[in-house]
A.B. asks: 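The structure under discussion is supplied below as structure tokens; questions concerning it will follow.
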Amino acid sequence: MRMFKKLEWSPVFCCVFMLLMLCVSNLFAGNPVTTEALFKQGVQAYAGGEFDQSAEFFRQATTVSPSFGALHNLGNAEWKAGHGGAAILAWEQAQWLSPFSKQTRENLLFARREAQLDAPELTWYEVCSSWLPPDLWIWIAFVSFWLAVALMVLPGALRWRRADWHQGLAVAALALFLLTIPGIIGVHTRTRLGIVLSQEAPLRLTPTSEGQVLVRLHGGEGARLEKQRGKFIFVRTTGGAGWVEGDQLGLISRP
């Protein structure tokens, strides 16, 4: 009892308790309300034809708490505001979180058709990885692997009578785990895919502002990041490879 009283009034205990209360209050009261308010303001501004302001509200909402709905609506507002590159990036980020949305997929097809742009080139395992949300691939791999291990180890360790279904289910779980490996690799390599934001962004031969301009990239064009030097990044596109400024490219995997 005395120890509890000493702990209760100790400065360290008080500080820890206050920090915990602050974290809990922020978790349950701060971010969801702020995100909801920003989302509503974005919807109202969009309905009133204030597309730049609507895009700003949705952008703030995605900064507070990235979500499919906010990103999809951000793409709609950016497109209406005439920012094709930013719109395609927002829709790609929405599709990254939820690849099942038919409307987002149709928006991307329409925008690229209007701008005469091709979708980023994907390898076969990157195509497979786009079938499910990135987190789901990890969960499937985690559950299937440990299920296979448990079915192979536990019967012997617990002296259970081995049944045919133990081995069959273990083989199926292991096969499922192996099937997730291409998807996980594809998710990792797709984290280096980006969208050009600026219209007529210069692709330079060297990572300097005075470097020779090889070609000018269109807003919304896909690019694959390979390396970075200072504020410049080396990208590879369908039009060639070279250096662009980092703020002219948005990564799809970072909503």
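Small disclaimer: the values here were computed from a predicted structure and weren't measured. Along the sequence shown, residues carry numbers from 1.
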A.B. asks: If you define the side chain from C-beta out and look only at heavy atoms, does anything of L132 sit under 4.5 Å from F100?
C.D. replies: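 Of all side-chain heavy-atom pairs linking F100 with L132, at least one is under 4.5 Å.
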
A.B. asks: Any heavy-atom pair between the side chains of P207 and K227 that's under 4.5 Å?
C.D. replies: no

A.B. asks: Return the OG1 to CZ distance between T208 and R229, rounded to the nearest 0.5 Å.
C.D. replies: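 That separation rounds to 10.0 Å.
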
A.B. asks: Applying the 4.5 Å side-chain criterion to the ILVMFWY set and letting contacts propagate, would V235 and L251 be lumped into a single cluster?
C.D. replies: yes

A.B. asks: Can you tell if the side chain of L122 reaches within under 4.5 Å of the side chain of L193, non-hydrogen atoms only?
C.D. replies: yes

A.B. asks: Tell me, do V143 and L176 make a side-chain contact under 4.5 Å, heavy atoms counted?
C.D. replies: no

A.B. asks: Who passes side-chain contact (heavy atoms from CB on, under 4.5 Å) against T180, sequence neighbours left out?
C.D. replies: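 For T180, the residues satisfying side-chain contact (heavy atoms from CB on, under 4.5 Å) (neighbours in sequence not counted) are W137, I140, A141, F177, I184.
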
A.B. asks: If I compare all heavy atoms of I195 with all of G85, which pair ends up nearest, and what's the gap?
C.D. replies: CG2-O, 3.7 Å

A.B. asks: Are I252 and L136 co-members of a hydrophobic cluster defined by side-chain heavy atoms under 4.5 Å apart?
C.D. replies: yes

A.B. asks: When rounded to the nearest 0.5 angstrom, what is the spacing between CG in N73 and OG1 in T62?
C.D. replies: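 Here the rounded value is 11.0 Å.
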
A.B. asks: Has the side chain of R192 got a donor or acceptor atom that lies under 3.5 Å from a matching backbone atom of L225?
C.D. replies: yes

A.B. asks: Are the side chains of R105 and Q95 in touch, meaning some heavy atoms are under 4.5 Å apart?
C.D. replies: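 Side chain of R105 against side chain of Q95, heavy atoms only: contact under 4.5 Å found.
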
A.B. asks: So how far is it from S101 OG to N107 CG, rounded to the nearest 0.5 Å?
C.D. replies: 8.0 Å

A.B. asks: Using a cut-off of 6.0 Å, state whether more than 12 heavy atoms not belonging to Q167 lie near its atom CD.
C.D. replies: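 Atom CD in Q167 is not crowded, with 12 or fewer foreign heavy atoms closer than 6.0 Å.
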
A.B. asks: Considering non-hydrogen atoms only, spot the tightest contact between A148 and A170 and give its length.
C.D. replies: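 For A148 and A170, the tightest heavy-atom pair comes out as CB-O, 3.7 Å.
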
A.B. asks: Closest approach of S54 and G42, non-hydrogen atoms and distance?
C.D. replies: OG-O, 2.8 Å

A.B. asks: List the residues meeting side chain to side chain donor-acceptor pair (under 3.5 Å) with T191, not counting sequence neighbours, and say none if there are none.
C.D. replies: none

A.B. asks: State, with a plain yes or no, whether a side-chain heavy atom of V196 is found less than 4.5 Å away from one of H218.
C.D. replies: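 Side-chain contact under 4.5 Å: no.
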
A.B. asks: Starting from V43, can I reach V64 by hopping between I/L/V/M/F/W/Y residues whose side chains sit under 4.5 Å apart?
C.D. replies: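 Looking at the clustering, V43 is in a separate group from V64.
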
A.B. asks: If you measure from the Lys or Arg side-chain nitrogens to the Asp or Glu carboxylate oxygens, is any gap between R59 and E78 under 4.0 Å?
C.D. replies: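 Looking at R59 and E78, the cut-off is met.
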
A.B. asks: State the CD-CG distance between E221 and L197, to the nearest 0.5 angstrom.
C.D. replies: 12.0 Å

A.B. asks: Classify the ring geometry between W91 and W79 as parallel (under 30°), tilted (30 to 60°) or perpendicular (over 60°).
C.D. replies: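 Aromatic pair W91/W79 classed tilted.
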
A.B. asks: Check the pair Q228 / F234 against side-chain contact (heavy atoms from CB on, under 4.5 Å), numbers first and verdict last.
C.D. replies: CA-CA 6 Å; Q228 184 170 2; F234 187 85; over 6 Å; no

A.B. asks: What I'd like to find out is whether the side chain of E245 reaches to under 4.5 Å of the side chain of S198, using heavy atoms alone.
C.D. replies: no

A.B. asks: Could you tell me whether F58 and F39 have their ring centroids closer than 6.0 angstrom?
C.D. replies: yes

A.B. asks: Of the non-hydrogen atoms in S253 and W96, which two are nearest, and what is the gap between them?
C.D. replies: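 Scanning both residues completely, I find the closest heavy atoms to be CB-CZ2, 3.6 Å.
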
A.B. asks: In terms of hydrophobic clusters joined by side-chain contacts under 4.5 Å, are F145 and I185 together?
C.D. replies: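 Looking at the clustering, I185 is in the same group as F145.
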
A.B. asks: Could you state the interatomic distance from CG (L217) to CD (Q248), rounded to the nearest 0.5 Å?
C.D. replies: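 With rounding to 0.5 Å, CG (L217) is 8.5 Å from CD (Q248).
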
A.B. asks: For L178 and I181, run side-chain contact (heavy atoms from CB on, under 4.5 Å): C-alpha distance rounded to whole Å, both residues' side-chain angles, the deciding distance at 0.1 Å, then the answer.
C.D. replies: CA-CA 5 Å; L178 294 175; I181 293 177; 4.0 Å; yes

A.B. asks: Indicate, with yes or no, if W131 and F142 share a hydrophobic cluster defined by side-chain heavy-atom contacts under 4.5 Å among Ile, Leu, Val, Met, Phe, Trp and Tyr.
C.D. replies: no

A.B. asks: Check the side chains of T189 and E126 for a donor-acceptor pair under 3.5 angstrom, ignoring hydrogens and angles.
C.D. replies: yes

A.B. asks: Using a cut-off of 6.0 Å, state whether more than 12 heavy atoms not belonging to Q116 lie near its atom CD.
C.D. replies: no

A.B. asks: Nearest heavy-atom pair of E92 and P120: which atoms, and what distance?
C.D. replies: OE2-CD, 4.2 Å

A.B. asks: Do R190 and S130 have a side chain donor and acceptor closer than 3.5 Å?
C.D. replies: no

A.B. asks: Less than 4.5 Å apart, any side-chain heavy atom of V187 and any of I138?
C.D. replies: no

A.B. asks: To the nearest 0.5 Å, what is the distance between CH2 on W124 and SG on C128?
C.D. replies: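 The SG atom of C128 is 5.5 Å from CH2 of W124, to the nearest 0.5 Å.
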
A.B. asks: What heavy-atom pair brings L71 and A94 nearest, and what distance separates the two atoms?
C.D. replies: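 Smallest interatomic distance, heavy atoms only, reads CB-CB, 3.8 Å.
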
